[in-house]
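This report refers to the structure that appears directly beneath it.
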Amino acid sequence: MTERAAVKAALKTQAVETPSWAYGNSGTRFKVFAQQGVPRDPREKLDDAAKVHEFTGVAPTVALHIPWDRVDDYAALARHAEERGLRLGAVNSNTFQDDDYRLGSVCHPDAAVRRKAVDHLLECVGIMDATGSKDLKLWFADGTNYPGQDDLRARQDRLAEALAEVYERLGDDQRMLLEYKLFEPAFYATDVPDWGTAYAHCLKLGPKAQVVVDTGHHAPGTNIEFIVATLLREGKLGGFDFNSRFYADDDLMVGAADPFQLFRIMYEVVRGGGLSGDVAFMLDQCHNVEAKIPAIIRSVMNVQEATAKALLVDRSALDEAQRAGDVLAANAVLMDAFSTDVRPLLREVREEMGLDPDPMGAYARSGWAEKIVAERVGGEQAGWGA
């Protein structure tokens with residue numbers, strides 16, 4: 001197989017998971033702008049997700065968020081997805097939108113609140129059983145705002161105890177993916193603030209616990225690709241939440257703020273064998289002012305383009321330059337790949353997959369946007385907390 005053929009083969013097998021909540025109304029803490037045609041329930045979210053997969057060919061799974069996507073029959077929801085050529089992906093828990101969680105959830109000083117939070121996480125594992133989902137994705141807003149508010153070490157003990165109980169409930173083919181976030185809404189101390197804290201807990205739990213890297217959850221200037229390389233080296237990179245940020249956790253479209261960073265991240269994924277492994281590539285974005293389905297299609301395409309460029313890095317030339325200590329030559333190898341226009345290559349890949357080479361144009365011509373605006377009249381649109 002030629003190098004070009006190998007790159008195309010890898011791109012054809014890539015999969016990007018889209019989030020159910022991105023199809024609903026979402027935005028900032030200040031305002032969520034409603035749009036016409038927004039889904040009113042999880043099934044309509046899946047209908048929209050099917051269009052993203054139809055035109056990109058690489059978005060076969062959809063992440064759920066509980067309770068936002070709570071239904072009476074999860075097996076029926078899974079069948080609805082299958083009928084549209086999709087599968088249900090990661091189940092995301094929610095321990096941050098209940099009044100009881102004002103001082104934390106699994107780290108709360110009150111044992112009754114901790115019990116409530118853990119029971120919710122166990123409920124999510126039950127939903128995984130019903131849907132065939134493999135990943136339980138955990139993000140905790142737990143933390144403190146003031147020095148002395150709570151015992152920092154005791155909170156870590158409570159976190160470890162909760163995670164251990166949920167870990168034991170997982171099936172043999174299920175994973176726990178632990179996410180971290182630098183700050184917000186806890187501004188003095190966040191209980192899972194960085195990859196090291198998440199890694200430490202996952203290491204203690206065992207092989208079914210891995211770390212999620214949200215590309216927006218880092219301090220400015222953080223070398224995210226180093227984190228990715230390290231977690232891959234340790235076999236503890238479970239997945240990504242892809243988005244972009246200019247300042248903090250902006251949840252903008254992946255690759256929008258810094259496409260070179262996305263390329264560097266994807267190079268480390270390729271270098272570390274993550275593209276062919278069990279690393280989950282998920283979007284975690286909010287589309288507040290832009291049309292939702294086209295924004296998600298564009299996001300998937302951005303991941304594809306960064307991946308294609310990463311696959312085009314001349315590894316032999318890079319290794320040679322690195323061994324020789326030729327700093328400029330080594331950097332030039334990466335820059336050559338990043339500067340390559342991979343859009344013609346991706347058009348070829350899509351045509352070979354039986355797809356329209358222009359996903360954005362194909363969606364615009366499909367009439368789906370007009371159809372959902374005309375048909376989704378009445379009811380309550382889905383959104384944060386809906």
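Scope of the values below: all heavy atoms of this structure, side chains included, with no hydrogens, waters or symmetry mates.
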Is [X] linked to [Y] within one hydrophobic cluster, defined over Ile, Leu, Val, Met, Phe, Trp and Tyr using a side-chain heavy-atom separation of less than 4.5 Å?
X      : Y      : result
Val342 : Val16  : yes
Val62  : Leu177 : no
Met301 : Phe281 : yes
Val91  : Val71  : yes
Leu122 : Leu159 : yes

Inspect the surroundings of [atom1] in [X] and state if more than 12 heavy atoms from other residues, nucleotides or ligands are less than 6.0 Å away.
X      : atom1 : result
Phe226 : CZ    : no
Gln322 : CD    : yes
Arg271 : CZ    : no
Lys371 : NZ    : no
Glu320 : CD    : no
Gln36  : CD    : no
Arg115 : CZ    : yes

Spacing of [X] atom [atom1] and [Y] atom [atom2] [to the nearest 0.5 Å]:
X      : Y      : atom1 : atom2 : result
Ile224 : Gln261 : CD1   : CD    : 4.0 Å
Asp47  : Arg84  : CG    : CZ    : 4.5 Å
Ile296 : Met253 : CD1   : CE    : 9.5 Å
Asp157 : Arg155 : CG    : CZ    : 11.5 Å
Asp258 : Ile265 : CG    : CD1   : 8.5 Å
Leu262 : Arg264 : CG    : CZ    : 10.0 Å

Give a yes or no on whether the backbone of [Y] and the side-chain of [X] come within a donor-acceptor separation of less than 3.5 Å.
X      : Y      : value
Glu123 : Ser93  : no
Glu165 : Asp119 : no
Ser133 : Gly89  : yes
His120 : Asn94  : yes
Thr13  : Ala10  : yes
Asp142 : Cys107 : yes
Tyr74  : Met128 : no
Ser26  : Ala22  : no
Arg114 : Pro109 : yes
Asp319 : Ala321 : no

Test side-chain contact (heavy atoms from CB on, under 4.5 Å) on Tyr23 and Lys51 and set out the steps. CA-CA 11 Å; Tyr23 297 98; Lys51 291 299 173 181; over 6 Å; no
Any Lys/Arg nitrogen of [X] or [Y] sitting under 4.0 Å from an Asp/Glu carboxylate oxygen of the other?
X      : Y      : answer
Asp241 : Lys137 : yes
Arg245 : Asp249 : no
Asp41  : Arg43  : no
Glu348 : Arg4   : yes
Asp150 : Arg158 : yes
Glu17  : Arg87  : no
Asp48  : Lys292 : no

Option among Arg350, Arg347, Arg365 that satisfies the salt bridge (Lys or Arg N to Asp or Glu O under 4.0 Å) test with Asp356: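 Among Arg350, Arg347, Arg365, the one meeting salt bridge (Lys or Arg N to Asp or Glu O under 4.0 Å) with Asp356 is Arg365.
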Apply side-chain contact (heavy atoms from CB on, under 4.5 Å) to His218 and Ile227, showing your working. CA-CA 11 Å; His218 302 84; Ile227 298 171; 3.7 Å; yes
Do [X] and [Y] meet the criterion of a side-chain donor-acceptor pair at a distance under 3.5 Å?
X      : Y      : value
Gln210 : Asp135 : no
Asn243 : Asp251 : yes
Trp368 : Glu54  : no
Glu83  : His80  : no

Centroid-centroid under 6.0 Å between His287 and Phe33 rings: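 Between Phe33 and His287, which both carry aromatic rings, the centre distance is not below 6.0 Å.
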Taking only residues at least two apart or on different chains, which pairs with a member in residues 88-112 satisfy salt bridge (charged side-chain N to carboxylate O under 4.0 Å, His left out)?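 Found Asp98-Lys116, Asp100-Lys116.
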Val58 side chain near Val303 side chain, heavy-atom distance below 4.5 Å: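 Side-chain contact under 4.5 Å: no.
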What's the verdict on side-chain contact (heavy atoms from CB on, under 4.5 Å) for Asn92 and Trp139, showing C-alpha distance, side-chain angles and the deciding distance? CA-CA 8 Å; Asn92 292 252; Trp139 172 71; over 6 Å; no
By ring pair (Phe, Tyr, Trp, His ring centres under 6.0 Å), which residues pair with Phe187, not counting sequence neighbours?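 Only Phe183 meet the ring pair (Phe, Tyr, Trp, His ring centres under 6.0 Å) criterion with Phe187.
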For Leu103 and Gln149: C-alpha separation, side-chain torsions, deciding distance, then whether side-chain contact (heavy atoms from CB on, under 4.5 Å) applies. CA-CA 9 Å; Leu103 300 179; Gln149 177 181 325; 3.9 Å; yes
My understanding is that a hydrophobic cluster links ILVMFWY residues whose side chain heavy atoms are under 4.5 Å apart, including indirect links. Using that, what else belongs to the cluster containing Tyr267?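 Tyr267 shares its hydrophobic cluster with Phe260, Phe263, Val313, Leu318, Val333, Leu334, Met335, Phe338.
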Check the pair Asp69 / Trp21 against side-chain hydrogen bond (donor to acceptor under 3.5 Å, both in side chains), numbers first and verdict last. CA-CA 9 Å; Asp69 295 319; Trp21 53 95; over 6 Å; no
Parallel, tilted or perpendicular, judged at 30° and 60°: which one describes the rings of Phe240 and Phe242?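 Rings of Phe240 and Phe242: parallel, as their planes differ by under 30°.
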